[in-house]
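Owing to the predicted nature of the structure, the values given are computational and were not obtained by experimental measurement.
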Amino acid sequence: MLTGGSLSPTVKLNFKIVSLSIKLICSTTGITLPIKALKSMALSAADTAAEGPSRRMRWPYTMSAKMAQFPFKMYYDKAPLTHYLILGFVCSWPLFIFFQRMARSPENIKKWDDIHEASRNHPKVWEEEH
């Protein structure tokens, strides 16, 4: 366990969070703990949280565990499809932005409002609807 003087910023933040949660639990349940025991519990929990997980999950069943264990680098190095997907996305992104800006331009919106207004007032459409 770490001593109070040699704490990294991550452990200090974890220490504050853990100590506040222990104080909250103690105040809501009515349990009284000595300050020394509270500090020791919070420091050991903060130290454990700063180290991270001790081992990999054998069968990752949560989405975050599956993403953490997915071999992204191997797929990037060995599968040419990933290179093409990334290249295609990067090259087509400006084209998508261009199309979106053209579709949402004020002139285009006005043009389609006029087209829709003309079709709503057309006698054939009016007879079919009513």
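- Under the 4.5 Å side-chain heavy-atom criterion for Ile, Leu, Val, Met, Phe, Trp and Tyr, Phe96 and Met102 are members of distinct hydrophobic clusters.
- Across every non-hydrogen atom of Met67 and Phe72, the tightest pair is O-CE1, 3.4 Å.
- Considering only residues two or more places apart in sequence or on other chains, Asp113 meets the salt bridge (charged side-chain N to carboxylate O under 4.0 Å, His left out) condition with none of them.
- Using cut-offs of 30° and 60° for the angle between ring planes, the Trp93 and Phe89 rings count as tilted.
- Interatomic distance, Ile109 CD1 to Asp114 CG, rounded to the nearest 0.5 Å: 12.0 Å.
- Counting only residues at least two apart or on different chains, no salt bridge (charged side-chain N to carboxylate O under 4.0 Å, His left out) pair has a member in residues 100-109.
- Annotation for Thr82 and Tyr76: closest pair OG1-CA, 3.5 Å, computed over non-hydrogen atoms.
- Distance check: Phe99 CZ to Ser92 OG gives 10.5 Å after rounding to the nearest 0.5 Å.
- Atom NZ of Lys111 and atom OG of Ser105 lie 9.5 Å apart (nearest 0.5 Å).
- Under the 3.5 Å distance criterion, the side-chain polar atoms of Thr62 are matched with a main-chain donor or acceptor of Ala65.
- Screening residues 61-88 for salt bridge (charged side-chain N to carboxylate O under 4.0 Å, His left out) gives Lys73-Asp77 as the qualifying pairs, with residues at least two apart or on separate chains.
- Ring-plane geometry between Phe70 and Tyr75 is classed as parallel, the angle between the planes falling under 30 degrees on a 0 to 90 degree scale with a further cut at 60.
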